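Note that the structure is a prediction, hence the values are computed from the model and not measured. Order of listing sets the numbers, starting from 1, for every ligand and every atom in it. Because only heavy atoms are used, hydrogens play no part in the values below, and waters and symmetry mates are left out as well, while side chains stay in.
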Amino acid sequence: MELPISFFQILDHWLLISFTSIICYFISSAIYNLYFSPLAKFPGPFWAKISGLPSCTFRFRHNGVLFASPTAYPSIYGTRANVKRGKFYEVWPRNPQNHNTLSTTDRMVHARKRRILNSVFSEKAVRSAESFIIKHVDRWNQILDDSGSNDWTESKNMTIQTESLVFDIMGDLAFGRSFEIKEKAENQFKVIPHTIASYMQFMYPITQSPMLDTWVWLKPRGLDTILDKLSPKEVKDYYAFVDASVLERTKQEEEALRKKTEENDIRTDMFHYLFNAKNPETGKPAYSPDELNAEANLLIIAGADTTSIALCSFFFYISRNPQAYHKLVHEIRQTFNSADEIQGGMKLWSCTYMRACLDEAMRMTPAGPSELIRQVLPGGTDIDGHFIPEGVMVGIAHWAILHSEDVFGDPSVYRPERWIVDDTTGVTTEDVALAQSAFQPFSMGQGNCVGQKLAMLELLITIGRTLYRMDIRMAPDDSLGTASGGCGGAQTTNQLIVFRVFQGLGGSGLLALPFAIIPEMVETRRYPLYVSFTALAFVLGFLFGPLFGGEEGHKVKLNTSSLPIAVMNLALLIIFIPAGFPNIKSKQRTIQFKKLKEIDYIRSTLVFTTSGLIVSALQEAGTAYAWSSALVIALFILAGLCIPIFL
Ligand code: HEM
């Protein structure tokens, strides 16, 4: 008698079909992406081509191409480009009510919102913002120069200094209240710039992963609520601060309208212009309370991090290039008679070398180094002679183009002179035109930076006033050690890479050396004891090193403090090295070649590969890439596949 098919047989059957279908799907889509996709002709790494994993070459995912030529700019970002913003932009808003001009992907809706925002950033508004900027820069200068004498102050961490200045300015302009982060006193907002940066770091890999569409779909369906609940306390405090400030400023503006207060007696910050913006079609207020909140928030996100990166990178490069530094200081101190005279106007714009130094810093370390992704619309588009069909993601690889040898010749060198036509330096009009065509820090077309005039004003006033009032220099304790010092003092990316290689060699040598030395130093019977002590030293080092290093990194430069420890170690070694070193005789060192045959090479390779994959996944997850990112998941899957083969 035939037995009825059991539940488990059916389950087996379906599992087999599902599993085979999934495998077939992945293999066929990989073959399609590799050989039949319209993008098949573009070069790019194998995994990027078939899977959508990110990389920096041209075909950076299965449906995306990046360009690194100046001529591609207008076709991608120009006013007439047949593209719209990609899904990338929809990931960022906190909730559906918090959509702003930047996160709007629909072209028509964006154009409408953008017209309003243009009116908010009028000449008059930018002029009004100047007094707020000056107030904060002057106070910042007082805080920086805290030595109380003509001596050099202690070293300052300019990343923290510049971001605190810019956040305070933006808070004052966008919400009517400065965060007061730059002040020495503790306050709960000091962590906000880092929290925003960590949020970006967490979200960015998601925007690059194949789960982007699902993420955007889930956002209004509960994901936003979950993320809101999971937000750290600092983020919640920040939102509460923003909401309260917007509410208070709204009340002040409503009161001023009711009382018909004169414009001279009103606080004319950016919020004032946002609040009073009118919809050109209806003549009514342009923003609802939610939209007002979202747009004010956008100014912080778009205006703070970007400007502080530009400022910080300026101080970094100028302090490492004495020639450029002296030329710049000479220009500033010759053009103005006092620091107070430094404000927006012809005199400030006439400082061509200052502008060149800033542009060069923004080129070397762009605030937005990655692509600003656009999605090709129906009908496709032509970029650099390539037809790109509808739906494909395109963008400029900004860091790559700003470091292109074809355009800049010596892209890793900080050379402000490249931006100024001059017979003595040999820089021609064509050189400058070519460099400028590749340098679009504020992007171009309809979606370019609406705050660029404000940003330039803020940057030039800060640089001008600061360098008029004080001298700056690279922290003197910045380049101790050999390879580490080389890294600290590297003037170009290539130098940095070379010194990093030596640093890495030194580091790995340090790990291997004790185990190689022990057999030389002690008798065989004492190996276990000495190996255990050495291993214990490593364990303690790995455990406490990051704790002390992390704490110390807030206060002092790491490589300063490592020198005394190195000197102490050397002294201990000289004193305690045993007299009979090395302990073993040379005849004992012969290699037994027959032993080599006993090694299981395949399994050894698999062990290295699997542990390499797992370690890479654990290192990248939660830092450069999210746990849920395609890269991390793929590394775990590959490691998982290696284990059965090993067994
Ligand atoms: C050095 C400083 C700055 C740089 C390099 C910069 C760069 C940019 C870039 C490249 C974009 C286009 C983004 C995209 O298409 O995804 C952008 C957009 C934007 N920026 Fe800036 N920005 C800076 C400062 C500012 C400041 C100070 C503000 C305002 C106070 C601001 C407000 C905005 C806004 C509102 C947008 C969105 C425009 C739109 O969607 O139409 N930015 N910025």
Side-chain angles (χ1 to χ4, degrees), residues 73 76-79 81 83-93 99-107 109-122 125-126 128-130 132-133 136 162-163 165-167 169-175 200 204 207 269-271 273-274 277 291 294-314 355 358-359 361-363 365-375 394-396 398-399 401-402 439-463:
Y73 258 114
I76 299 175
Y77 303 106
T79 318
V83 298
K84 65 169 193 161
R85 282 184 171 154
K87 274 238 161 58
F88 167 88
Y89 289 87
E90 294 177 34
V91 164
W92 305 98
H99 264 292
N100 54 45
T101 311
L102 184 65
S103 63
T104 304
T105 51
D106 184 290
R107 263 163 61 116
V109 181
H110 176 266
R112 186 177 59 74
K113 287 191 173 201
R114 180 57 195 253
R115 271 198 295 280
I116 299 168
L117 212 52
N118 284 344
S119 70
V120 171
F121 280 83
S122 62
V126 174
S128 313
E130 190 176 79
F132 293 91
I133 295 173
H136 285 282
T162 52
E163 70 191 9
L165 167 69
V166 173
F167 262 81
I169 295 177
M170 288 316 300
D172 215 358
L173 284 175
F175 309 129
M200 302 262 184
Y204 190 78
T207 66
D269 52 17
M270 294 314 287
F271 189 90
Y273 292 97
L274 279 174
E291 286 173 323
E295 296 296 331
N297 240 313
L298 167 64
L299 300 191
I300 294 279
I301 303 294
D305 207 29
T306 44
T307 316
S308 67
I309 291 172
L311 205 51
C312 182
S313 98
F314 164 80
R355 179 67 202 253
L358 178 59
D359 282 354
M362 293 206 283
R363 179 189 72 77
T365 310
S370 64
E371 76 290 345
L372 302 170
I373 210 74
R374 299 292 186 261
Q375 183 180 339
V394 289
I396 294 281
H398 284 107
W399 200 92
I401 195 172
L402 293 173
F439 178 65
Q440 307 287 345
F442 299 105
S443 192
M444 59 163 64
Q446 261 194 353
N448 72 349
C449 178
V450 72
Q452 57 183 289
K453 285 198 187 118
L454 184 71
M456 286 314 293
L457 188 71
E458 197 177 334
L459 289 164
L460 294 179
I461 288 181
T462 308
I463 294 170

Does ligand 1 come near enough to R85 that some N or O of the ligand is less than 3.5 Å from an N or O of the residue?
yes

Report the part of Y77 in contact with ligand 1, treating N, CA, C, O as backbone and CB onward as side chain, heavy atoms under 4.0 Å; options are side chain, backbone, both, neither.
neither

What's the spacing between H110 NE2 and Q446 CD if we round to 0.5 Å?
7.0 Å

Judged by modelled atom types alone, do T105 and E90 share a side-chain donor-acceptor pair under 3.5 Å?
yes

Please state which protein non-hydrogen atom is closest to atom 6 (C) of ligand 1 and give its distance, to 0.1 Å?
F442 CD2, 3.6 Å

Any idea which of G368, G86, G303, A111 brings a heavy atom closest to atom 28 (C) of ligand 1?
G303

To check your reading of the model: name the closest protein heavy atom to atom 22 (N) of ligand 1, its residue, and the distance in Å.
C449 SG, 3.1 Å

Proximal atoms of ligand 1 relative to P441 (non-hydrogen, under 4.0 Å):
5 (C), 7 (C), 10 (C)

Considering K113, M270, R114 one by one, which has a heavy atom nearer to atom 41 (O) of ligand 1 than any of the others?
R114

What atoms of ligand 1 come closer than 4.0 angstrom to any heavy atom of V450?
34 (C), 35 (C)

Working to the nearest 0.5 angstrom, can you tell me the gap between Y273 OH and L173 CG?
11.0 Å

Decide yes or no for N100 and P93: does some side-chain heavy atom of the first lie under 4.5 Å from some side-chain heavy atom of the second?
no

What about T307: any of its N or O atoms under 3.5 Å from an N or O on ligand 1?
no

Parallel, tilted or perpendicular: rings of W92 and F88 (30°, 60°):
perpendicular

Looking only at non-hydrogen atoms, which of V126, L102, I309, N100 approaches atom 13 (C) of ligand 1 most closely?
L102

Any ion pair linking D359 and R355 (charged N to carboxylate O, less than 4.0 Å)?
yes

Looking at non-hydrogen atoms alone, which of V120, N448, T101 comes nearest to atom 38 (C) of ligand 1?
N448

From V126, L457, L459, residue fulfilling side-chain contact (heavy atoms from CB on, under 4.5 Å) relative to I133:
L457

protein heavy-atom neighbour closest to atom 24 (C) of ligand 1 works out as T306 OG1, 3.5 Å

Side-chain touch L165/H136, heavy atoms, less than 4.5 angstrom
yes

Does an N or O from R374, backbone or side chain, lie closer than 3.5 Å to an N or O of ligand 1?
yes

Between F439 and L402 the two heavy atoms that sit nearest each other are CD1-CD2, 3.8 Å

Answer yes or no: is there a side-chain heavy-atom contact under 4.5 Å between E130 and I461?
yes

Does a sphere of radius 6.0 Å around NZ in K84 hold more than 12 heavy atoms from other residues, nucleotides or ligands, not counting ones at 6.0 Å or beyond?
yes

Using a 4.0 Å heavy-atom threshold (strictly under), name the region of M170 that reaches ligand 1: side chain, backbone, both or neither.
side chain

Ligand 1 to L298, heavy atom cutoff 4.0 Å, flagged ligand atoms 35 (C)

Starting from atom 32 (C) of ligand 1, find the nearest protein heavy-atom neighbour and note its residue, name and distance.
A302 CB, 3.7 Å

Using a strict cut-off of 4.0 Å, indicate which atoms of ligand 1 neighbour a heavy atom of A455.
2 (C), 24 (C), 27 (C)

One finds that the ligand 1 atoms under 4.0 Å from a non-hydrogen atom of G447 are 12 (C), 15 (O), 41 (O)

Answer yes or no: is there a side-chain heavy-atom contact under 4.5 Å between E458 and L311?
no

Tell me the protein heavy atom at minimum distance from atom 14 (C) of ligand 1, and give that distance in Å.
Y89 OH, 3.3 Å

Below 4.0 angstrom from a heavy atom of L454, which ligand 1 atoms are there? Numbered from 1 as shown, please.
30 (C)

Do P366 and P369 have side-chain heavy atoms sitting under 4.5 Å apart?
yes

Ligand 1 versus H110, non-hydrogen atoms closer than 4.0 Å: side chain, backbone, both, neither?
side chain

